[in-house]
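Here's the structure we're looking at; comments come further down.
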Amino acid sequence: MAVQILQKPSAFYDSYFRKPGVDKGATHYCPGCGHGNLHKIIAEAIQDIGIGDRTILISSVGCSVFAYYYFDVGNVQVAHGRAPAVATGIKRARPGSIVMTYQGDGDLAAIGWNNIFQAANRGENITVFFVNNAIYGMTGSQMAPTTLVGQKTMTSPRGRDPRNEGYPIKVCEVLSVLEAPAYIERTSLGDTKSINQTRNAVRKAIKCQVEGRGFSLVEVLSPCPTGWRKEPVDAKKWVAEVMTEYFKLGVYKDVIADRKPYFMADPNRQPTLEEVKKTLAWEGGEEKRVPGVYPAEENKNPRVKIAGFGGQGVLVLGLVLADAGMRQGYQVSWLPSYGPEMRGGTANCHVTLSDLKVGSPLVSRPTVLIAQNRPSLERFESEVEPNGIVMYDSSLIDVEPKRKDIRVVPVPAAQLANALGDTRASNIITLGALVEYTGVVSKEAVLQAIPATLPRKEFVELNFKALDEGIRYIRSLKK
Ligand SMILES: Cc1ncc(C[n+]2csc(CCOP(=O)(O)OP(=O)(O)O)c2C)c(N)n1
Ligand code: SF4
């Protein structure tokens, strides 16, 4: 007699070790929630198709944010609504992987609507699982784009009124009129027959990607007993009897058979270092590296925050520094941050140069602060690490740093730039001063970085002079 042993699919962890607390066996979902059902259906499909070692599941923001507690595959958790964009990046960078997004209706059809629409329109070779429970479950049952007409939620206490809130968005219907998608189906978890249908649709959508035939999406109507204030059995019934009246089940688009596989995924194919360099137009290469620099121990691996008004060249200063760092073989990052104004608003950027991989591009505890105006000095001085450097434009800032445990380097950059004939060169004068004071990158590296970075080539000569001027200024202080 055949014996069937029922066990968890291998695409689930045996014990959910990532989950906080002691109970590592149960999920965090409410009793009767559809997320658990769909997780199981997807995990079984991953196991049966045999793609567990190359699946990357992207969990979005919503009740399913913790999908990575459960799925023993590659996991990425992303910002609200951005799963299709991240999936696009991952799939293009790692074409051999099978990339799936798992998104709720708030995530996909509200904040992320343009993301999903554009990814579908591009026909990205990804698979989207879209859980439509007609509500924002995680945040306490507010109205979603898919909330039914008349349905009561926390934010539609008298029921959704289309004259005020419009009609529920029919995602499958809208996306299926696009040219690119290969497969779009709506199923439900409302009864056993529909659950089986969901099982088939999930497998078909995944296989569509495995065969390289393009974009696939399965919308799954799913119970949310807690958000709907219903018992689990009634919630399931409501899916089967009420939701499906408006959201009709069925295949909305299936052109899988007509689509020639435009990319046959090779699971082992990863871009070579040379290809990455070419893609990034990085012409350096090991052999062309600018000879190394050996900054003093206290200046090594700088985390730099550069701040000033928009228009002072703050971002460019950071870019040239990061580019020069790259030429010296450092791991680098550059993160801009600026207000909405084109000119005159505040701007700052974060630059890290490191011997090791950079974990985060955010510099919250700088070892070097370059302040180009007074508000920046006053705002960021307290963040600087003890024995860090504060270099500020002493021709524009009429106060001095207050702290005694930092190294203070006043540089009258705007004044020196004026003397050179162009105030706009003050940023590179400051960079010259930084290079001379700290030795974190060499002058040679900056000379290469300037023409590679500056958009307007007529500024190159001016900035070469500015670099020299900054170096000269610091040397004059040393004498
Ligand atoms: C940028 C941003 N805006 C809003 C929120 C608040 N928020 C968290 S989950 C959520 C909606 C979740 O609803 P849905 O996608 O339908 O998933 P469910 O919880 O129902 O599974 C919202 C609006 C957030 N976390 N981030
Ligand atoms: S609130 Fe709704 S969607 Fe969220 S876990 Fe509970 S039942 Fe599931």
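Each ligand, and each atom within it, is numbered from 1 in the order the structure gives.
Neither the backbone nor the side chain of Val65 comes within contact range of ligand 1; no heavy atom lies under 4.0 Å. When heavy-atom distances to ligand 2 are checked against a 4.0 Å cut-off, Asn133 comes that close only through its side chain, counted from C-beta outward. Contacts with ligand 1 closer than 4.0 Å are made by backbone heavy atoms (N, CA, C, O) of Ile135 only, the side chain lying farther away. Residue Gln142 does not touch ligand 1, judged by heavy-atom distances below 4.0 Å.
Any N or O atom pair closer than 3.5 Å counts here, and Gly62 shares no such pair with ligand 1. At least one N/O-N/O distance between Asn133 and ligand 1 falls below 3.5 Å.
The shortest contact between atom 7 (N) of ligand 1 and any protein heavy atom is with Thr139 CG2, 3.5 Å. With hydrogens left out, the protein atom closest to atom 9 (S) of ligand 1 is Met138 SD, 3.4 Å, a heavy atom. From the protein, the heavy atom lying nearest to atom 15 (O) of ligand 1 is Asp107 N, 2.8 Å. The shortest contact between atom 24 (C) of ligand 1 and any protein heavy atom is with His80 CD2, 3.6 Å. Of the protein's non-hydrogen atoms, Asp105 OD1, 2.3 Å is the one closest to atom 16 (O) of ligand 1. The closest protein non-hydrogen atom to atom 2 (Fe) of ligand 2 is Cys224 SG, 2.3 Å. Among protein heavy atoms, the minimum distance from atom 1 (C) of ligand 1 is reached at Ile111 CD1, 3.7 Å. The protein heavy-atom contact nearest to atom 6 (Fe) of ligand 2 is Cys30 SG, 2.3 Å. The nearest heavy-atom contact from the protein to atom 21 (O) of ligand 1 is His35 NE2, 2.9 Å. Nearest protein neighbour of atom 13 (O) of ligand 1, counting heavy atoms only, is Tyr136 CA, 3.5 Å.
Between Pro366 and Phe380, the closest side-chain pair of non-hydrogen atoms is not below 4.5 Å. Proximity of Leu189 to Pro223: side-chain heavy atoms (C-beta onward) are separated by under 4.5 Å at one or more points.
Using a cutoff of 4.0 Å between basic side-chain nitrogens and carboxylate oxygens, Lys193 and Asp191 are not scored as salt-bridged. A salt bridge is absent between Glu124 and Lys91; no separation between the charged side-chain nitrogens and carboxylate oxygens falls under 4.0 Å. Of the charged side-chain nitrogens involved, at least one lies within less than 4.0 Å of a carboxylate oxygen, so that Glu173 and Arg186 count as a salt-bridged pair. Glu211 has no carboxylate O lying under 4.0 Å from a charged side-chain N of Lys207, or vice versa, which leaves the two without a salt bridge.
Open room surrounds CD on Glu231; 12 or fewer heavy atoms of other groups in view lie less than 6.0 Å from it.
Applying the 4.0 Å criterion to heavy atoms of Val61 picks out, from ligand 1, the atoms 8 (C), 9 (S), 15 (O), 25 (N). Ligand 2 places these atoms under 4.0 Å from at least one heavy atom of Cys33: 3 (S), 5 (S), 7 (S), 8 (Fe). For ligand 1, the atoms lying closer than 4.0 Å to a non-hydrogen atom of Cys63 are 18 (P), 19 (O), 21 (O). Atoms of ligand 1 found under 4.0 Å from any heavy atom of Gly137 (numbered from 1 in listed order, with element): 18 (P), 19 (O), 20 (O).
The closest approach between Val131 and ligand 1 stays at or above 4.0 Å for every heavy atom of the residue. The shell of residues lying under 4.0 angstrom from ligand 2, judged by heavy atoms, includes His35.
In this structure, the ring of Tyr70 has its center less than 6.0 angstrom from the ring center of His28.
Under the 30°/60° scheme for interplanar angles, the aromatic rings of Phe12 and Phe71 are found to be tilted.
Within the 2.8 Å limit, Cys63 places no N, O or S atom next to atom 2 (Fe) of ligand 2.
Of all heavy-atom pairs between Val171 and Ala109, the closest is CG2-CB, 4.1 Å. Shortest non-hydrogen contact noted between Glu44 and Arg199 is OE1-NE, 4.1 Å.
Side chains of His35 and Tyr102: a donor-acceptor N/O pair is present below 3.5 angstrom, by distance only. Looking at Tyr68 and Arg18, their side chains never bring a donor and an acceptor atom within 3.5 Å of each other.
Arg303 contributes a side-chain N or O that, together with a main-chain N or O of Arg365, makes up a donor-acceptor pair within less than 3.5 Å.
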